[in-house]
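Here the structure is laid out as structure tokens; the discussion comes afterwards.
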Protein chains: 2
Amino acid sequence: MRKVTIKDVAESAGVSKATVSKVLNQRYDVNGETAERVQRAIAALGFVKDRRAVQLAQGRSDSVGLIVPSSTDEWMIEVLRGAMQEAQAARFTIAVQTFPEGVADTDRLVADLRGRAFDGVLVVQPRDHLPWLPDLQAAGIPVTVLDDHGTNPGITAFVPDESTGIEEAVSHLVGLGRESFALLSGPNEERTRYTSEKRLALYRAALLARGFVLDDAHVVPAEYSLAGGEAGVAHLLKRGVRFDALIASSDAMAVGAMRALKAAGLVVPRAVSVVGFDDFPAANYTDPRLTTVHNPLFDMSARAVRGLIASITGKVRQEAAREIVRTHLIVRDSTGPAINQGG
Amino acid sequence: MRKVTIKDVAESAGVSKATVSKVLNQRYDVNGETAERVQRAIAALGFVKDRRAVQLAQGRSDSVGLIVPSSTDEWMIEVLRGAMQEAQAARFTIAVQTFPEGVADTDRLVADLRGRAFDGVLVVQPRDHLPWLPDLQAAGIPVTVLDDHGTNPGITAFVPDESTGIEEAVSHLVGLGRESFALLSGPNEERTRYTSEKRLALYRAALLARGFVLDDAHVVPAEYSLAGGEAGVAHLLKRGVRFDALIASSDAMAVGAMRALKAAGLVVPRAVSVVGFDDFPAANYTDPRLTTVHNPLFDMSARAVRGLIASITGKVRQEAAREIVRTHLIVRDSTGPAINQGG
DNA sequence: CTGTTAGCGCTTTCAC
DNA sequence: GTGAAAGCGCTAACAG
């Protein structure tokens, strides 16, 4: 039994393909009786529209491509969630693709994108400048980037404003009576330097604004990982650096730091208060639960996809905007009053 | 400037569409010189194949639909990772869709699937029997389910064999000198009962095989969450139940349990050893790090997608198989020697 | 209201 | 080797 097409339905119902199409698409210029006959034929034959044919005919693919870094980190799930929430509402599909590795891979992806495999594209955390983004846009394919490093000007972007969360964090720590700060910065790698230095500079400024100088001896570069955090704190301790507040540039680092502090007999949050960055899912499962700056990935992603869909469906010519999304501190249990205040 | 099609290239190169198509698809029955001329035209016009047209013409959509429960839990990322790994290798895209809520939603999804929006479908953790799965299969669309509850016979499924991990867990605890066990089982809800009771039964049997009876007083139903774990342990403690090993039916529960134990002054792992289930990403970030039964989602998902792609591309008629994937215990720090053994 | 006629853009026989 | 023509299955003007 061959695949049943709209043509079969038409013949079976004694009408033309056009009429069937109209019935299928709920057009109101069809006689009630005819419509019924068509419906019966559809049911009898078990007909279903071929999506691909519809897509070609309508010039849409009802999907948004989500290009993610190949190292799908835990936080990716937040991005996906946000994207799916919006996609579902608009009956779009989220097509996940991982970032291309080499030149050949890149060319293929770009060809797919320009070939309109998707109606719009959301690029998550591009490390570098992506020269093909403007081309896509010029080709009329809406593109948005999430959390880039400012390396793709002219492309609509949603980026977190880390300063608000950092201000809150510093204000929180200072309010708690903390007086000497140490900071675990990101690793000295090309790829991560931008984020890393930005966060450091913001912390430094926020502290300075409150009269605290964060000198270089109190800053140690570390990997964005649990092990990195452990090593970082061990390093600080070994050098005899004193601090009652520790700021980590990622949550995993913060957890490692808490482990190292505990190993050294320093109680978190009393002896040392710790704040992380990102608010990863595990932040609620650490002991103590982690106070951290929430990176609003879900929101950014949802807003980005909503915007993309709007410019896909509404034909609203997307205009390059840079949406800055505020970050906030989530206070949990890894921060608390200073020892001499607690009573 | 209109969209450039294969026809434009053909005219520009002075050949027919067919020839262009052959060049595009690396067919060898094209004269070298002609091919070059076509290539130049392609480059000059900036032509790119329209994916949708290719898809319609070839009857493929180069994608695998991933239907996930709407409550995208943390563990979903593992499923996605596994799926993407395989998809990427085969140049397929993973199109994520969330489970339909009502009847209308379901109908629409089924219509999309039967309408070949995707070449194959992977359904993750269907709660109930899905009557439309066999239909899809009958329509020639490969379908596989991941971690179902045996509610969809006749459909290829990848399911974890929890018994192996549970055997290992019990053997590990007993080997540690643990003698009295308590178990936090799943909630008394319709939806989760299957998993919950299966795990309980397996634990009970494994313990019995080693001479330990897990009586009802030592089993308490709890939510699969941190709060559930806390409440469960509080309940046990209040009732004066004594135990030196606690088995949780999920990792989040295990973390909650550890919190409650700590609050009660019971040290993990010495006073009470705790084992979880799933090996969620946060298991490495808890304090102590969680010993738990690893749920091989990544592997199952990767294997499932690989199988789907094989039957999509190879035209290998997929035969309903039930792949049982062994689980294993990951020993971390929440389990350790019993108090009187430690020395 | 309904049907005719062109598409959508590429692939694929099958003659030449 | 190359091209004409017939799809793939649906949509969309435009007559009638």
Side-chain angles (χ1 to χ4, degrees), chain A residues 1-39 41-42 45-62 111-112 114-117 119 139-141, chain B residues 1-39 41-42 45-62 111-119 139-141:
Chain A
M1 100 192 177
R2 229 182 70 267
K3 165 154 224 212
V4 1
T5 77
I6 204 178
K7 191 180 161 200
D8 303 322
V9 176
E11 284 169 3
S12 159
V15 296
S16 74
K17 292 194 313 180
T19 303
V20 177
S21 178
K22 282 169 192 157
V23 173
L24 248 25
N25 297 300
Q26 327 260 37
R27 289 292 184 64
Y28 293 114
D29 48 355
V30 179
N31 178 2
E33 150 126 16
T34 315
E36 284 231 339
R37 215 167 59 245
V38 172
Q39 293 287 18
I42 288 176
L45 300 176
F47 166 83
V48 233
K49 273 203 276 203
D50 185 308
R51 298 298 307 158
R52 291 167 309 211
V54 175
Q55 285 166 7
L56 176 58
Q58 304 201 124
R60 316 211 283 93
S61 55
D62 308 313
D112 280 356
R114 297 199 41 187
R116 305 190 161 266
D119 292 327
I141 301 169
Chain B
M1 99 191 178
R2 230 185 64 268
K3 164 155 226 209
V4 2
T5 76
I6 205 178
K7 190 179 161 200
D8 303 322
V9 176
E11 284 168 2
S12 159
V15 297
S16 74
K17 292 195 312 180
T19 303
V20 177
S21 178
K22 282 169 192 157
V23 172
L24 247 25
N25 298 300
Q26 328 259 37
R27 291 292 184 65
Y28 294 114
D29 48 354
V30 179
N31 178 3
E33 150 127 16
T34 314
E36 284 231 338
R37 216 166 60 244
V38 172
Q39 293 286 17
I42 289 175
L45 300 176
F47 166 83
V48 232
K49 273 203 277 203
D50 185 307
R51 297 299 307 157
R52 289 167 310 211
V54 175
Q55 285 165 9
L56 176 58
Q58 305 200 125
R60 314 209 283 91
S61 56
D62 309 313
D112 280 357
L113 296 180
R114 296 199 43 187
R116 305 190 162 266
F118 316 117
D119 293 326
I141 300 169

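Reminder, nothing fancy here: chain letters follow the sequence lines and each chain counts from 1. Every value quoted in this text rests on a predicted model; they were computed, and no experiment measured them.
In this structure, the CG atom of B:Asp29 is 7 Å from the C1' atom of D:dG1, given to the nearest Å. One interatomic measurement links the two molecules: CG of B:Leu56 to P of D:dC10, which rounds to 9 Å at whole-angstrom precision. As rounded to whole Å, 11 Å separates atom P of C:dT13 from atom CD of B:Gln58. Following rounding to the nearest Å, B:Lys3 (NZ) and C:dG9 (C1') show an atom-to-atom distance of 8 Å.
For D:dG9, the OP1/OP2 oxygens have no side-chain nitrogen or oxygen of A:Thr5 closer than 4.0 Å. Distances shorter than 4.0 Å separate some side-chain N or O of A:Lys49 from OP1 or OP2 on D:dT11. The side chain of A:Thr34 places no N or O atom within less than 4.0 Å of a non-bridging phosphate oxygen (OP1 or OP2) of C:dC1. In terms of phosphate contacts, A:Ser21 brings a side-chain nitrogen or oxygen within less than 4.0 Å of OP1 or OP2 of D:dT11. Contact check, A:Thr19 against C:dG3: a side-chain N or O comes under 4.0 Å of OP1 or OP2.
The side chain of A:Ala57 has C:dC8 as its nearest neighbour among C:dG3, C:dC8, D:dG3. Out of D:dG9, C:dT11, C:dG3, the shortest distance to the side chain of A:Ala53 is found at D:dG9. Of all nucleotides listed (D:dT2, C:dT12, D:dT11), D:dT11 comes nearest to the side chain of A:Lys17.
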